[in-house]
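Every value quoted in this text rests on a predicted model; they were computed, and no experiment measured them. Naming convention: chains lettered A, B, ... in sequence-line order (proteins, then strands); numbering from 1 in each chain.
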Amino acid sequence: MSKIKNAFSGGKAFIAFITCGDPDLETTKEAVKAAASNGADLIELGIPFSDPTAEGPVIQGANLRALNGGVTTDKIFDFVVDLRKEVSVPMVFMTYANVVYSYGAEEFIGKCREIGIDGLILPDLPFEEKEEFNDICVKNNVDLISLIAPTSENRISMIAKEASGFIYIVSSLGVTGTRSSITTDLDSIIELVRKSTDTPCAIGFGISTPEQAAKFSAKADGVIVGSAIIKLLEKYGKEAPKYVGEYVHSMKAAM
Amino acid sequence: MTNAKGRFGIHGGQYIPETLMNAVIQLEEAYNHYKEDPEFNRELTELLNEYAGRPSRLYYAEKMTKDLGGAKIYLKREDLNHTGSHKINNVLGQALLAKKMGKTRLIAETGAGQHGVATATAAALMGMECVVYMGEEDTKRQALNVYKMKLLGATVIPVTTGTATLKDAVSEAMREWTSRIDDTHYCLGSVMGPHPFPTIVRDLQAVISKEIKAQLQEKEGRLPDAVIACVGGGSNAMGSFYNFIEDKSVRLIGCEAAGRGIDTFETAATINTGKLGIFHGMKSYFCQDKYGQIAPVYSISAGLDYPGIGPEHAFLHDSGRAEYVAITDDEAVNAFEYLSRIEGIIPAIESSHAVAYAMKLAPTMDKDKIIVITISGRGDKDCAAIARYRGDKTISDNE
């Protein structure tokens with residue numbers, strides 16, 4: 001069990017996603033600090049990938065800006081060492097299987113433990129394929145986060161039973177991005193999850209407004225917000241951390 | 001330990017978002033059911049024969065054989081199929097399967113446009129909606145095929161992300177599939193992606209090697225000594241190799257696109273320059289940097305301009321059963337012109353990569369040896385681009 005449970009110990013958790021190196025690592029650091037000091041309970045740090053197939057246009061843009069800015073996996077590891085001196089909330093990496101695999105899963109996940117990363121989210125690694133990474137994660141006390149989608153149906157219990165850290169409930173079909181409405185029957189999904197596990201669950205994909213934060217945090221143990229924060233980074237660049245802080249504050253206040 | 005499902009050695013698997021898992025599981029179940037179903041097979045065979053024009057010819061290229069002065073050369077004429085390439089073999093099977101599954105909409109990626117045209121054709125025939133994702137760069141290189149798809153009633157969506165080529169078209173089609181699964185089948189065009197696609201597409205393309213084997217038996221009373229095909233994702237090559245895998249005397253040779261050379265960054269030769277990775281649903285070889293970022297590959301051929309290769313090819317490479325050679329743009333263009341002049345057959349620029357290797361190999365072999373080259377498609381679509389490559393102004397469009 002990693003530190004991730006701490007994120008859910010003080011009521012509903014607000015989980016903020018920020019792509020490392022968008023537009024540069026200094027800005028990422030200030031944005032993470034602003035999010036944490038304004039109530040974010042867990043930070044999802046995105047390691048950019050050239051071809052992020054689970055992302056909508058907003059986070060695709062962040063990946064592109066970060067890679068064009070020259071960020072690499074090694075630079076991000078060094079950056080987290082530095083960041084950990086000032087930020088104590090649990091942090092997880094969100095990236096794609098190839099970023100971990102090409103680095104060497106043992107090396108990558110060992111490094112996570114060493115620098116204080118508590119979990120790993122790989123959206124292109126479903127239940128059937130998790131073993132080759134999960135065994136290494138368990139050994140290193142890094143939680144490999146499981147995802148459950150609106151189409152999971154008969155797979156929900158199977159996934160939930162083996163979940164660790166927290167469960168990422170994908171609110172809608174499709175890719176990441178803000179949505180005006182979410183129509184999935186999340187109550188039924190969460191009911192099935194609760195029957196199978198005590199692992200907390202957080203809802204992500206499409207959440208951007210305080211009203212949505214209030215509504216969906218009432219259903220689950222937390223909410224995950226990515227694209228709405230990335231839009232601020234896209235719009236304000238180096239000036240974004242201040243706006244990220246204000247935004248996180250408004251979301252957290254609504255929960 | 002990894003999931004044993006859909007593995008070819010260590011390659012393959014199902015590296016896709018959870019949202020798509022039930023869709024691929026249902027597809028696998030449906031495929032396993034229908035592939036044994038006599039009625040399904042009867043319908044498919046009728047479509048392949050009556051509509052697509054199978055079996056395709058195995059043509060003895062006598063002039064080419066004499067000119068090269070070595071092994072006897074046969075051409076497997078997939079270019080003569082309806083829609084002009086081998087792609088129709090796969091598409092008719094998948095569209096029929098999708099229809100049996102109750103799907104009403106087909107989506108597809110396309111590089112050169114041949115798979116897109118084939119999918120649009122099958123959709124028109126079966127009364128299904130069709131949306132094709134195509135890199136914006138490729139919509140320019142292959143404008144004729146874009147028009148054909150529209151003419152056939154499909155919607156063509158130019159993809160502007162990344163390198164705006166085949167890889168990005170696949171990514172966008174996958175994104176679209178995660179957003180609309182109920183009524184939509186993703187008609188993947190090559191032996192790649194998550195299980196069960198590499199197996200389904202291979203089985204549907206295996207008709208190529210099944211026919212070669214029977215046709216050559218009839219003409220020569222024996223097996224070929226080498227089978228040569230071009231490889232992007234690798235569907236025509238997999239189809240050409242499959243029924244010869246157990247015949248160890250037959251050399252299986254896949255021709256990758258070297259672009260401007262495998263010692264440059266402007267290449268798409270995955271086996272020759274790539275390393276092991278996980279992308280687009282599969283573990284296989286990919287062109288990538290040391291941090292696993294997928295490389296912006298290049299080839300003159302839009303159909304081979306892809307940074308990965310199907311997992312079964314990766315396995316045939318590992319086991320040494322098949323060889324993978326790299327052919328440059330220049331060599332492919334020379335072969336495109338050579339086959340046109342010597343046999344009066346204009347091959348697709350993709351297939352020209354296979355012709356180019358045969359031109360090197362045949363003279364080194366004895367006259368009693370036999371080479372089969374799969375001509376995966378016809379070259380009409382490439383004439384404008386090759387003319388431009390040569391600085392020929394005959395086709396004076398405004399591109």
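- Between atom CE of residue B/M21 and atom CD1 of residue A/I148 there is a gap of 13.5 Å, rounded to the nearest 0.5 Å.
- B/D168 touches chain A through its side chain: at least one heavy atom from C-beta onward sits under 4.5 Å away, while N, CA, C and O do not.
- Across A/P52, A/S146, A/P150, the residue that shares the most heavy-atom pairs under 4.5 angstrom with chain B is A/P52.
- Of the atoms belonging to B/I25, it is side-chain heavy atoms, and not backbone ones, that fall under 4.5 Å from chain A.
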Show the atom names and distances, to 0.1 Å, of all donor-acceptor pairs under 3.5 Å that link a side chain in residues 109-121 of chain A to residues at least two apart or in another chain.
unit_1, atom_1, unit_2, atom_2, d
A/R113, NH1, A/N140, OD1, 2.7
A/D118, OD2, A/R84, NH2, 3.2
A/D118, OD2, A/M91, N, 2.9

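- Here B/E266 pairs with B/R260, B/T264, B/Y298 under the side chain to side chain contact (heavy atoms under 4.5 Å, CB included) rule; sequence neighbours left out.
- With 3.5 Å as the limit, one finds no donor-acceptor pair spanning the side chains of A/N98 and B/Y15.
- To the nearest 0.5 Å, atoms NZ (B/K5) and CD (A/E128) are separated by 6.0 Å.
- In this structure, A/S102 OG and B/I278 CD1 are separated by 9.0 Å, a value rounded to the nearest 0.5 Å.
- One distance of note links NZ of B/K290 with OH of A/Y103; it measures 7.5 Å at 0.5 Å rounding.
- Looking only at distances, no side-chain donor or acceptor of B/T19 sits under 3.5 Å from a matching main-chain atom of A/A149.
- The shortest side-chain heavy-atom distance between B/H280 and A/D124 does not fall under the 4.5 Å cut-off.
- The minimum heavy-atom distance linking B/N22 with A/S152 is given by the pair ND2-O, 3.1 Å.
- Shown here is A/D198, whose CG atom has no more than 12 heavy atoms of other residues, nucleotides or ligands within 6.0 Å.
- Taking CD of B/Q293 as the start and CZ of A/F49 as the end, the distance is 6.5 Å to the nearest 0.5 Å.
- In terms of heavy-atom pairs under 4.5 angstrom with chain B, the leader among A/T151, A/L122, A/L147, A/V170 is A/T151.
- In summary, of the residues considered (A/D74, A/L67, A/V71, A/V99), a side chain to side chain contact (heavy atoms under 4.5 Å, CB included) with B/Y291 occurs for A/D74 alone.
- For the set A/A97, A/P123, A/P57, A/G56, the entry with the most heavy-atom pairs within less than 4.5 Å of chain B is A/P123.
- For residues 60-69 of chain A, the side-chain hydrogen bond (donor to acceptor under 3.5 Å, both in side chains) pairs, not counting sequence neighbours, are A/D22-A/R65.
- With a 4.5 angstrom heavy-atom cutoff, B/E176 does not touch chain A via any of its atoms.
- For residues 171-181 of chain A, the interface with chain B (any heavy-atom pair closer than 4.5 Å) comprises A/L173, A/G174, A/V175, sorted by residue number.
- In this structure, A/L64 CG and B/T161 OG1 are separated by 9.0 Å, a value rounded to the nearest 0.5 Å.
- Between B/Q14 and A/E129 the shortest heavy-atom distance is N-OE2, 2.6 Å.
- For A/D51 against B/K167, the heavy-atom pair with the smallest separation is OD2-NZ, 2.5 Å.
- Salt bridge status for B/R175 with A/E55: absent, with no side-chain N to carboxylate O gap under 4.0 Å.
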